[in-house]
Novice: 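Got a structure for you, questions after.
Side chains are part of it too, since the values below use all heavy atoms of this structure and drop only hydrogens, waters and symmetry mates. Bear in mind the structure is a predicted one, so any value in this text is a computation, not a measurement. Numbered from 1 within each chain, the chains take letters A, B, ... in sequence-line order.
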2 protein chains.
Amino acid sequence: MNVVTLCLGILALGDASGYEIKKRFDGPLRRIQEPSFGSIYPALNRLTREGLVTCTVQAQDKRPDKKVYSITAEGRAHLKAELQKSLPGPDKVHSDFLVTMLFQEMLSPAFVAAAVDERIAFYRDLMTTLDCPAGQQSAAKDFVCGYGVAVCRAAIDYLEAYRRDLPAPEPAADPAAGQKERGVLVNPQAMEI
Amino acid sequence: MNVVTLCLGILALGDASGYEIKKRFDGPLRRIQEPSFGSIYPALNRLTREGLVTCTVQAQDKRPDKKVYSITAEGRAHLKAELQKSLPGPDKVHSDFLVTMLFQEMLSPAFVAAAVDERIAFYRDLMTTLDCPAGQQSAAKDFVCGYGVAVCRAAIDYLEAYRRDLPAPEPAADPAAGQKERGVLVNPQAMEI
DNA sequence: GGGCATATATAGCAGCGCGATACAGGTAGG
DNA sequence: CCTACCTGTATCGCGCTGCTATATATGCCC
């Protein structure tokens, strides 16, 4: 799934400018993908070249002109074919948090505790973003949001249980906390993964 | 978190060759990141240049020579500093599955059902990979695996509940199934996200 | 009132990393 | 026997992210 198909999909749900497409991925959809301007604008140019979308320039008062894109009939057909070409592959996850936790034995306990706390706060925030639109919109969006909520809830539960077993936090949760020296791993062989 | 730091971290858990580093990310760690050879080998070269690891060539019988890398004292210090530089940012997720599900209203029901079924099977498989090493290894690895299991379980529960509400599957689950024509979205405005 | 951050809107560029490919011999299965 | 897969290192192209530039208007704090 590339950004071109992704933009085409968003445009299938309604006309939008490049900027608006980007904004859609700041909400609940940020759990799906987070394309950048650097990939969205070239994608829109390519879709226009290929006749899958059309572009209408809207002159705006005291603002740069807005390029609003609309999907064409060929675009809809192309999207449908692209999505059903093959079953979706596994998710690609890059988790700095889990990397940090994997090496936690060489970090300060204060830093690890702060990382867990921040992650819990992050998921709580994400869940409120996801939880708001219940039932009143499309079934597809409900499914995607509901999926996110279910996963968030599981993550929060797990992290809170882990947090309770951690030694006392104390150091007022400043990010640069915990420069206390700790030795290297006692038994590196035990860490074979 | 770049591949360079990631490789340094793996080497902090024990010596390894480029090939072995790659293999580590085929197991439970594939939920964290999946670096490719195209990024691992340049990363190891750079780490060697910078004196953070050393390289020993092991001649092997009837096999290509093996370059085994070991982390240095500077490497350990650099890794610790790098990990504690700032709290880990949010995960980056690319989910083709959720994109497909978001646009499910323009796809055939058979295809959607097949996608959900495959996803359930995928998570079941992932959970068995994650669930095996319980308690007998390092606390850090237990945490990472436990986290994966918790999230998997939540995803499976959610998907199975959704699956039960789906119309009858029938078409023998072939990937190219369901070319049955379906109209465009009835109410695009309702899909505002 | 001056400075700063933020929001709207488009666009280019450097660098990083994935996927594919190449090469080469060993092993195992149909 | 031939195909497929495993070990092992390495490179190349392409796509994408993150950063930066450019314009303009609004709101906020000191």
Side-chain angles (χ1 to χ4, degrees), chain A residues 1-8 10 15-27 30 32-50 53 55-69 82 86 89-96 99, chain B residues 1-10 15-27 29-30 32-50 53 55-69 82 86 89-96 99:
Chain A
M1 181 78 58
N2 53 16
V3 176
V4 176
T5 311
L6 207 60
C7 288
L8 196 58
I10 295 297
D15 296 354
S17 66
Y19 187 77
E20 284 162 354
I21 291 175
K22 176 74 158 52
K23 269 202 303 181
R24 302 254 171 129
F25 288 97
D26 290 341
R30 74 169 177 274
I32 291 183
Q33 237 177 359
E34 285 192 82
S36 64
F37 287 127
S39 54
I40 289 174
Y41 285 115
L44 290 173
N45 289 334
R46 192 176 135 188
L47 286 169
T48 308
R49 259 200 326 275
E50 292 172 0
V53 305
C55 175
T56 319
V57 178
Q58 279 184 7
Q60 284 190 122
D61 208 38
K62 317 205 175 183
R63 288 272 168 79
D65 285 0
K66 195 177 184 176
K67 289 186 181 175
V68 176
Y69 296 86
E82 192 72 22
S86 64
D91 295 356
K92 271 147 208 150
V93 182
H94 286 212
S95 177
D96 283 11
V99 172
Chain B
M1 182 76 58
N2 52 15
V3 177
V4 176
T5 312
L6 207 59
C7 289
L8 195 59
I10 295 297
D15 297 354
S17 65
Y19 186 77
E20 284 162 355
I21 291 175
K22 175 73 158 53
K23 270 203 303 181
R24 303 254 171 130
F25 289 98
D26 289 341
L29 294 193
R30 74 169 178 274
I32 291 182
Q33 238 177 4
E34 285 192 82
S36 64
F37 287 125
S39 52
I40 289 174
Y41 285 114
L44 289 173
N45 289 333
R46 193 176 133 187
L47 285 170
T48 308
R49 261 202 323 275
E50 291 172 2
V53 305
C55 176
T56 320
V57 177
Q58 279 184 8
Q60 286 191 121
D61 208 39
K62 317 205 174 185
R63 287 271 170 82
D65 286 1
K66 198 177 181 176
K67 291 185 180 176
V68 176
Y69 295 88
E82 192 72 22
S86 63
D91 295 356
K92 272 149 206 146
V93 183
H94 285 211
S95 176
D96 283 12
V99 172

Novice: Using atom CG of B:D65 as one end and atom P of C:dA24 as the other, report the distance to the nearest whole Å.
Specialist: 14 Å
Novice: Rounded to the nearest 0.5 Å, how far apart are NZ of A:K23 and CD1 of A:I10?
Specialist: 13.0 Å
Novice: If you assign each of B:K66 and B:H94 to its closest nucleotide in DNA chain D, which residue comes earlier from the 5' end?
Specialist: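 Final value for this comparison: B:K66.
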Novice: Between A:D15 and A:V68 (side chain of the first, backbone of the second, donor and acceptor by atom type, cut-off under 3.5 Å), is there such a pair?
Specialist: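 Not a single qualifying donor-acceptor pair exists.
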Novice: Is there a side-chain contact between A:S17 and the phosphate of C:dT8, meaning an N or O under 4.0 Å from OP1 or OP2?
Specialist: no
Novice: Can you find a side chain N or O atom of B:Y19 that sits less than 4.0 Å from OP1 or OP2 on D:dT9?
Specialist: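 So the side-chain polar atoms of B:Y19 never come under 4.0 Å of the phosphate oxygens OP1 or OP2 of D:dT9.
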Novice: For A:V99 and B:T5, run side-chain contact (heavy atoms from CB on, under 4.5 Å): C-alpha distance rounded to whole Å, both residues' side-chain angles, the deciding distance at 0.1 Å, then the answer.
Specialist: CA-CA 10 Å; A:V99 172; B:T5 312; over 6 Å; no
Novice: Of the options D:dT9, D:dC16, C:dG17, whose atoms approach the side-chain atoms of B:N2 most closely?
Specialist: C:dG17
Novice: CG of B:L44 versus C1' of C:dC16: gap in Å, rounded?
Specialist: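 These atoms are roughly 16 Å apart.
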Novice: Report yes if the side chains of A:L6 and A:F25 come closer than 4.5 Å at any heavy-atom pair, otherwise no.
Specialist: yes
Novice: Does anything in residues 32-41 of chain B reach DNA chain D, meaning a heavy atom under 4.0 Å, and if so which residues?
Specialist: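 B:F37, B:G38, B:Y41, in order of number.
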Novice: Rounding to a whole Å, what distance do you find between B:N45:CG and C:dC16:C1'?
Specialist: 16 Å
Novice: If the cut-off is 4.0 Å, is A:K23 near the phosphate of C:dA9, judged by side-chain N/O to OP1 or OP2?
Specialist: no
Novice: Distance check needed: D:dC16 P versus A:M1 CE, whole Å only.
Specialist: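 A:M1 atom CE is separated from D:dC16 atom P by 12 Å.
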Novice: Both A:V3 and B:E20 contact DNA chain D. Taking the nearest nucleotide for each, which residue is further toward the 5' end?
Specialist: B:E20
Novice: To the nearest 0.5 Å, tell me how far A:E34 CD sits from B:H94 NE2.
Specialist: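 Between atom CD of A:E34 and atom NE2 of B:H94 there are 8.0 Å.
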Novice: For A:K22, answer base if it contacts any base atom (sugar-phosphate contacts may also be present), sugar-phosphate if it contacts only those atoms, and nothing otherwise; contact means non-hydrogen atoms under 4.0 Å.
Specialist: nothing
Novice: For B:I21 and C:dC18, what is the distance between atoms CD1 and C1' respectively, to the nearest whole Å?
Specialist: 17 Å
Novice: Looking at B:D96 and A:G89, would you say the former's side chain and the latter's main chain have a donor-acceptor pair under 3.5 Å?
Specialist: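 No.
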Novice: Would A:K66 pass as a cation-pi partner of A:Y19, given that its NZ or CZ must be under 6.0 Å from the six-membered ring centre and within 45 degrees of the axis?
Specialist: no
Novice: Give the rounded distance in Å between these two atoms: CG of B:D26 and P of C:dG19.
Specialist: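 Rounding to the nearest Å, CG of B:D26 and P of C:dG19 are 12 Å apart.
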Novice: Between C:dG19 atom P and B:D96 atom CG, what is the distance in whole Å?
Specialist: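 So the two atoms are 11 Å apart, to the nearest Å.
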Novice: Does B:K92 have a side-chain nitrogen or oxygen under 4.0 Å from the phosphate oxygens OP1 or OP2 of D:dC16?
Specialist: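 For B:K92, the contact criterion (side-chain N or O under 4.0 Å from OP1 or OP2 of D:dC16) is not met.
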